[in-house]
Amino acid sequence: MPGAKNKILVALAGNPNSGKSTIFNNLTGAHQHVGNYPGVTVEKKDGKVKHKGYEITFVDLPGTYSLSANSEDEIVAKDFIINEKPDVIVHIVDASNLERNLYLYTQLAELDVPIAIALNMSDMVEAKGYTIDDKELETLLGKPVVATVGNKKIGMEPLFETIISLYEKQISIEKTGVDYGEEIKLEFGKINKLLQETKKEGNAYPLEWLTIKLLENDPSAIDIAKKLPAGAGIIEQVEKSRNHLRQHFGDDAEVMIADRRYGFVSGVFNQAVKRTTVEQRYDLSDRVDKVVLNRFLGLPIFALVMFGIFKFTFTYSAPVVGWFEGSFEWLGGVAASIIPEGLLQSFIVDGLIGGVGGVLGFFPLVLFMFFAIAFFEDSGYMARAVFVMDRIMHKFGLHGKSFLPLMISTNGCAVPGMLATRTLDSKKDRLITMMVTPFMICGAKLPIFALFIGAFFPATQGANIMFLMYALSVMIAFASAWLLKKFVLKGEPAHFVMELPPYRIPTIQGLLLKMWERGWLYIKKAGTIILLVSVLIWAGFTFPHMEGKEGMSEKAVAAMQMEQSFAGQLGKLLEPAVKPLGMDWRGGIALVAGVAAKELVVSTLGTMYSLGEVDPGNTESLKDSLQNDPSWNPLKALAFLMFSLIYLPCLVAMAVFYRESGSSWKWTGFLIFWSTVLAWGAAFIVYQGGALLGRG
Amino acid sequence: MIRLTTIKSGEKVILISVDGGRSSEKRLLDMGLMPGEEIKVINNPGCGSLTVNLKGARVALGHGLASKLIVREA
């Protein structure tokens with residue numbers, strides 16, 4: 001925050017895959033604060049560190065190639081720099097990919113913020129057949145350059161020092177930038193002059209940046225200009241200038257501007273870079289790609305990798321999940337034995353442990369999944385998977401880049417999944433992807449499937465049915481996308497152009513951090529919304545308190561209590577709607593609770609069956625309770641799963657959808673309507689169809 | 001008219017225009033796909049989509065885009 005003397009706000013900017021996150025992790029260590037739900041750094045993260053008497057706040061911006069408004073993550077990065085006005089920008093530049101990385105620099109340099117360049121992965125340069133003259137680069141750019149190697153933590157101390165000296169203005173910064181040429185400069189001057197006059201009226205935007213962006217016809221710059229008092233005149237001048245430039249160059253101004261920027265970049269590159277070998281060495285990554293992206297092998301390899309991720313997740317997490325579940329059962333038993341029978345015991349055993357415990361049991365599985373995804377992201381394979389899948393996704397009206405959001409929400413969470421759609425360029429592609437992301441089986445839905453499949457299907461079939469459910473979720477998502485593209489959001493998906501990073505060996509620290517970052521949200525959710533709603537549900541079943549009549553068995557009293565309670569009455573009200581799907585009021589109430597968070601489907605059933613249990617010492621698992629309940633059978637279980645698979649996203653996901661869809665009630669309403677109708681229809685077909693076939 | 005999709009792995013070409021689309025599409029410009037630019041095909045598996053070297057970086061182009069890129073020999 002400018003003004004406060006010893007606080008420095010630093011923004012980390014850079015291309016995707018420039019090693020920005022690793023540097024951020026090195027600089028901030030364990031002092032990170034994850035804002036909201038980060039996908040692939042789609043939401044900004046920040047971390048505070050004390051250094052030499054300063055409190056430095058680092059903000060890790062989304063990785064971008066430019067500061068245009070191509071996609072939402074670029075807008076997030078640009079808005080942060082422009083609105084929050086950081087004291088220093090650290091531009092992390094991948095030294096082994098200098099030209100592409102410096103293109104972003106040409107735009108950062110126009111923002112009136114001191115810049116330090118972190119020349120990262122400088123150890124990789126030699127393998128590419130050249131050396132970089134740091135000092136020359138410093139002179140050419142007029143900005144301090146610090147050589148760093150993120151994964152070896154080299155160069156962090158000099159980076160801190162440079163940030164502080166920049167802040168204290170001990171280093172003089174030279175204004176260097178792109179030479180746009182006489183013709184563009186002339187038009188630049190005309191627009192800039194008009195903008196200068198708006199300064200008096202409080203226009204605090206960096207004018208050089210705004211002028212260039214207006215010439216480029218950048219939508220967000222035009223929005224800014226329109227809101228200025230003299231907006232109409234400025235827009236008029238911009239159009240005049242653009243027309244003039246088009247006539248002069250025979251091409252749009254943005255083409256010429258991009259051209260001049262690359263001209264500047266290649267000038268810097270040619271002067272600062274010395275080739276050590278004549279021929280560029282044949283890259284190992286290219287050789288791997290020859291196989292991985294082969295037209296025949298690409299998809300089978302992709303399928304194998306996906307299978308590997310699932311195998312790893314389910315096989316290796318199984319013992320840990322069992323151990324977790326066991327410890328909650330044990331905890332329930334202990335609590336039941338030390339707390340005297342009554343309301344408090346019921347609250348702890350049935351409400352808290354029965355509710356939240358059932359959910360936390362699956363936490364290891366989610367962590368394993370996130371670890372596996374992080375591994376493939378950091379190794380560079382995920383970008384190839386996106387590319388390999390592009391063609392198939394395209395056929396269903398999705399974009400190759402829709403793959404990652406779907407992947408993140410499978411066994412993970414739809415919320416970071418939806419945020420990951422920010423890398424998509426087209427608004428329509430993005431909306432369609434967000435619309436179908438909640439159909440995937442997320443980590444919160446997983447317990448429902450694990451529970452019911454375990455209870456109603458033989459262990460030998462369990463894995464197959466689970467796989468079938470995953471396949472079904474993908475099919476529903478793809479079919480919905482296809483329908484949306486065909487009838488609602490018509491138009492071609494945006495062009496697929498994406499950088500493929502070199503393959504790298506991921507660092508353990510990076511993987512664990514990523515896993516923890518995403519996994520922590522699961523715990524946080526269990527400790528907040530799930531805890532809260534579990535308590536509400538417990539209370540809903542416990543009150544109003546019923547007195548058993550003379551001669552009623554304990555079991556009958558417990559059953560009556562549940563049916564007459566507030567929650568029971570609500571369930572009865574819902575029963576007609578879920579009866580055709582083979583569910584009674586209990587299934588209905590569990591599904592309603594699941595709207596708050598999908599984990600609550602399981603925890604509500606847990607609370608219900610735990611309350612119905614007369615002997616508190618008997619901590620029969622929920623799976624066994626369901627199995628022994630005559631009102632369920634495999635067909636009903638399947639219909640229930642079908643409904644759970646498709647119906648309404650949870651509240652958090654709906655809130656994120658609303659925000660990310662541009663606060664559109666129309667689209668949010670459509671999502672709610674579509675998922676409810678589809679879920680009800682699918683469950684109806686399964687149950688009634690199965691009953692007709694005599695499977696009921 | 002030569003399309004990028006017909007260029008073999010390892011060959012270098014110069015981009016002339018983007019067929020049927022605005023060559024000024026910002027994303028393409030920001031990735032360095034502009035008229036006059038040298039493109040080296042790293043790998044063309046022959047299924048429409050390919051990987052190229054653009055400004056020193058390895059970039060994947062989807063089949064829809066690649067078939068629209070008109071090029072000439074370098």
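Chain identifiers are assigned alphabetically (A, B, ...) following the order of the sequence lines, protein sequences preceding nucleic acid strands; residue numbering begins at 1 within each chain. What you see is a predicted model, and the numbers here were worked out from it, not measured in a lab. All values below come from the heavy atoms of this structure, side chains included, with hydrogens, waters and symmetry mates left out.
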Donor + acceptor pair across side chains of A:Lys78, A:Gln107 (<3.5 Å): no
Pair count under 4.5 Å, heavy atoms only, with chain B: among A:Leu98, A:Asn294, A:Asp259, highest is A:Asp259
The salt bridge (Lys or Arg N to Asp or Glu O under 4.0 Å) partners of A:Arg261 (sequence neighbours excluded) come to A:Glu216
Counting N and O atoms only, with roles assigned by atom type, does the side chain of A:Arg391 sit under 3.5 Å from a partner on the main chain of B:Cys47, one being a donor and the other an acceptor? yes
Ranked by heavy-atom pairs below 4.5 Å to chain A, first place among B:Ser9, B:Gly64, B:Gly32 goes to B:Gly32
Would you say A:Ser402's side chain and A:Leu398's backbone share a donor-acceptor pair under 3.5 angstrom?
-> no
Highest number of heavy-atom pairs under 4.5 Å with chain B among A:Ser285, A:Ser266, A:Ala383 belongs to A:Ser285
Comparing B:Gly36, B:Ala66, B:Ser49, B:Gly62 against chain A, the one with the most heavy-atom pairs below 4.5 Å turns out to be B:Gly62
The interface call for A:Pro501 against chain B, heavy-atom contacts under 4.5 Å, is backbone
Quiz item: Parallel under 30°, tilted from 30 to 60°, perpendicular over 60°: which one fits the rings of A:Tyr262 and A:Tyr103?
Solution: parallel
*In terms of the angle between their ring planes, are A:Phe496 and A:Phe387 parallel, tilted or perpendicular, with boundaries placed at 30° and 60°?*
parallel
When the 4.5 angstrom heavy-atom criterion is applied to A:Asp425 and chain B, the contacting part is side chain
Counting heavy-atom pairs under 4.5 angstrom with chain B, the leader among A:Arg100, A:Met498, A:Glu74 is A:Arg100
So, the part of B:Leu50 with a heavy atom under 4.5 Å from chain A: the answer is backbone
